[in-house]
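This report concerns only the one structure given below.
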Amino acid sequence: MKIAFVGKGGSGKTTLSSLFVRRLATARLPVIAVDADINQHLGVALGLTEAEAADVPPLGGRLPLIKDYLRGANPRIASAETMIKTTPPGEGSRLLRVDEDNPVYDACARTLSLEGSDVRLLATGPFTEADLGVACYHSKVGAVELCLNHLVDGRDEYMVVDMTAGSDSFASGMFTRFDMTFLVAEPTRKGVAVYRQYREYAADYGVPLRVVGNKVHGPDDLAFLRDEVGEDLLVTLGQSDWVRAAEKGRALPLAELEEANRRALDVLYETADGSYERRDWERYTRQMVHFHLKNAESWGNARAGVDLAAQVDPAFVLGERTAQPA
């Protein structure tokens with residue numbers, strides 16, 4: 001299952017992402033946590049020190065390796081250099097599974113022990129001073145998009161992505177790559193502004209979207225969110241001493257999280273799991289191709305020097321039964 005957490009900067013989406021990853025770890029489910037935010041904080045939220053989080057190899061710095069591996073023996077892709085972030089898989093491409101070993105995970109993943117279970121952490125890497133004026137952060141996030149496009153995942157395995165803040169999440173087709181998107185919103189006008197933007201994009205592309213109210217202090221905050229968000233409001237979380245302790249580097253077992261907040265995490269899990277029944281691999285593949293052709297025409301063909309539309313395999317549909325090349 002592919003799950004995204006989005007929201008305004010400071011809304012608590014990274015905290016919610018990390019809590020959800022911990023909730024999955026307590027169930028002993030295979031999990032890959034991905035930090036795709038321009039501000040890299042997920043590793044620390046999952047218990048790493050700042051130095052340890054900075055040592056996670058950046059996906060954005062391993063693009064040649066990722067492209068070369070995923071290309072496999074796909075005859076429609078002349079070279080790894082002609083792949084762009086939206087290049088879809090086809091016959092002969094190598095696909096990724098959550099619970100496997102492969103060169104991409106070997107090079108980029110850091111394994112963490114959470115709640116007695118192993119969780120893999122991937123990170124796009126920070127936007128550095130050297131990038132200013134010469135690079136776009138979305139080129140780094142493109143590594144995540146490529147991996148998502150080639151990921152074959154089942155019901156009881158998860159890739160959880162902490163997306164970049166605000167409307168930047170719409171800057172590529174990656175926002176359509178998820179089984180469920182949880183939008184974290186505070187009970188303020190600014191807190192729900194991103195929701196209104198996201199709701200329109202989600203409706204256009206059939207993206208499942210539910211709102212998680214965060215930092216909800218009482219009935220007035222809850223009423224505000226209900227008035228602004230309506231039926232999209234799934235659940236709310238209040239202030240948490242457990243979270244405050246974790247932010248100070250004193251993470252406790254998830255079992256010690258406040259009961260109301262633990263119940264909220266259970267609702268998130270049940271909602272994510274329930275989205276499996278609505279999976280449509282044909283629509284998923286069709287949207288992949290749509291954004292690839294759009295990117296090819298607007299900038300990809302000029303950059304690669306070839307017609308990237310030729311990379312599309314019209315007979316290929318990604319799915320849980322898609323064959324993996326030897």
Side-chain angles (χ1 to χ4, degrees), residues 1-6 13-36 42-48 56 59 95-102 104-106 108-123 144 147-163 174 177-184 208-210 212 234-235 237 242-243 246 251-259 261-281 284 318-322 324:
M1 306 294 288
K2 295 176 281 287
I3 309 299
F5 281 82
V6 301
K13 68 178 181 61
T14 298
T15 298
L16 266 294
S17 300
S18 68
L19 286 172
F20 186 66
V21 168
R22 287 180 180 275
R23 170 62 179 81
L24 297 173
T26 64
R28 303 296 188 266
L29 297 173
V31 184
I32 297 176
V34 183
D35 192 342
L42 184 58
V44 172
L46 291 171
L48 295 181
V56 177
L59 284 165
L95 306 175
L96 301 175
R97 264 78 179 183
V98 171
D99 195 19
E100 69 171 5
D101 294 320
N102 60 54
V104 175
Y105 298 163
D106 290 345
C108 302
R110 170 76 180 270
T111 300
L112 313 179
S113 179
L114 291 177
E115 307 297 327
S117 184
D118 285 343
V119 169
R120 282 181 171 132
L121 172 66
L122 296 172
V144 179
C147 289
L148 284 168
N149 283 357
H150 290 75
L151 182 69
V152 177
D153 53 312
R155 181 170 200 158
D156 292 322
E157 49 191 15
Y158 283 80
M159 179 174 278
V160 179
V161 183
D162 180 18
M163 296 279 279
M174 194 165 73
R177 303 272 68 85
F178 300 100
D179 296 289
M180 177 57 62
T181 296
F182 292 123
L183 189 148
V184 182
L209 175 68
R210 301 304 302 273
V212 181
L234 175 65
V235 71
L237 289 88
W242 190 100
V243 169
L252 301 169
L254 192 64
E256 297 186 29
L257 182 69
E258 298 84 4
E259 182 179 355
N261 290 334
R262 287 203 315 274
R263 288 199 303 269
L265 292 181
D266 290 342
V267 172
L268 294 185
Y269 169 68
E270 291 161 6
T271 303
D273 180 69
S275 68
Y276 181 83
E277 304 297 342
R278 298 186 296 276
R279 272 197 164 184
D280 184 344
W281 285 102
Y284 184 87
L318 189 67
E320 290 177 57
R321 295 183 177 86
T322 306
Q324 176 84 352

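Only a predicted model underlies this, so the values are computations on that prediction, with no experimental measurement involved.
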If every non-hydrogen atom of [X] is compared with every non-hydrogen atom of [Y], which pair is closest and at what distance?
X	Y	result
Leu148	Phe178	CD1-CZ, 3.8 Å
Trp281	Leu318	CB-O, 3.0 Å
Ala33	Leu46	CB-CD1, 4.0 Å
Tyr105	Leu151	OH-CD1, 4.3 Å
Pro253	Trp242	O-NE1, 3.0 Å
Val160	Ser17	CG1-O, 4.4 Å

[X] [atom1] to [Y] [atom2] distance, which is reported to the nearest 0.5 Å:
X	Y	atom1	atom2	value
Asn149	Leu96	CG	CG	10.5 Å
Leu29	Glu157	CG	CD	9.5 Å
Ile3	Thr181	CD1	OG1	8.0 Å
Glu270	Ser275	CD	OG	12.5 Å
Leu234	Leu183	CG	CG	11.5 Å
Glu258	Leu237	CD	CG	9.5 Å

Notebook entry, point to check: Are any of the side-chain nitrogens in Glu277 or Arg155 under 4.0 Å away from the carboxylate oxygens of its partner?
Noted result: yes
Checklist line | Salt bridge flag under 4.0 Å for residues Asp156 and Arg28 | finding: no
[X] (side chain) donor-acceptor with [Y] (main chain) under 3.5 angstrom:
X	Y	answer
Arg262	Arg23	no
Arg177	Tyr284	yes
Asp179	Lys2	yes

Does some side-chain heavy atom of [Y] sit less than 4.5 Å from a side-chain heavy atom of [X]?
X	Y	value
Ser18	Leu42	yes
Met180	Thr271	yes
Leu122	Val104	no
Leu48	Val56	yes

Considering only distance and modelled atom types, tabulate donor-acceptor pairs under 3.5 Å from the side chains of residues 108-115, sequence neighbours left out.
| from | atom 1 | to | atom 2 | distance (Å) |
| --- | --- | --- | --- | --- |
| Glu115 | OE1 | Leu254 | N | 3.3 |
| Glu115 | OE2 | Arg22 | NH1 | 3.3 |
| Glu115 | OE2 | Leu254 | N | 3.1 |

Notebook entry, point to check: Mind checking whether Phe5 and Phe20 have parallel, tilted or perpendicular rings, split at 30° and 60°?
Noted result: tilted
Next item on the list: Test Tyr276 against Asp153 for side chain to side chain contact (heavy atoms under 4.5 Å, CB included), laying out the working first.
Entry: CA-CA 11 Å; Tyr276 181 83; Asp153 53 312; over 6 Å; no
